[in-house]
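One structure is given here, and the rest of the page talks about it.
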Amino acid sequence: MVKVFLFTATLLGITYAALRWYASRQAQQYQVADRPELKCTAVLRLSAKTRVYLVRTSQTDLLITESAMGASVTLLPAKHLSDALRSESR
């Protein structure tokens, strides 16, 4: 019984080491510059379980709606966002 336990523990250790090595090898392929920078500019709580986030990236603006049913992402056109920001500043 002890031999089976040691054999199983050895196999699990080898598998763990192999998966860690593979993950670190894959992580080296992606550079940090490939990831977009996200900036949350506004949060609106609509109810106890629903929140809306306005997120800006370098290329576009996103509206993220989070609720108990899940989350949805909406791409915002630049024209509408600039109009909304102008009306807020008045």
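Separation of atoms OG1 (Thr10) and NZ (Lys3) is listed at 13.0 Å; rounding is to 0.5 Å.
Applying the side-chain hydrogen bond (donor to acceptor under 3.5 Å, both in side chains) definition to pairs two or more places apart or across chains, those involving residues 63-72 are Tyr53-Glu66.
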Sequence neighbours left out, cut at 3.5 Å: what donor-acceptor pairs do the side chains of residues 43-52 make with other protein atoms?
residue: Arg45; atom: NE; partner: Ser47; partner atom: O; Å: 3.3
residue: Ser47; atom: OG; partner: Lys49; partner atom: N; Å: 3.4
residue: Ser47; atom: OG; partner: Thr50; partner atom: N; Å: 3.3
residue: Ser47; atom: OG; partner: Thr50; partner atom: OG1; Å: 3.2

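Scored by the side chain to side chain contact (heavy atoms under 4.5 Å, CB included) test, Tyr22 finds Arg25, Gln26 as partners (sequence neighbours excluded). Among residues two or more places apart in sequence or in another chain, the side chain to side chain contact (heavy atoms under 4.5 Å, CB included) test is passed with Thr8 by Val4, Leu12. By the side chain to side chain contact (heavy atoms under 4.5 Å, CB included) test, Leu19 is found to be paired with Thr15, residues two or more places apart in sequence or in another chain being considered. Applying the side chain to side chain contact (heavy atoms under 4.5 Å, CB included) criterion to Thr60, with sequence neighbours excluded, gives Thr57, Leu62, Leu75.
Hydrophobic clustering of Ile, Leu, Val, Met, Phe, Trp and Tyr side chains at less than 4.5 Å, counting indirect connections, unites Leu38 with Val73.
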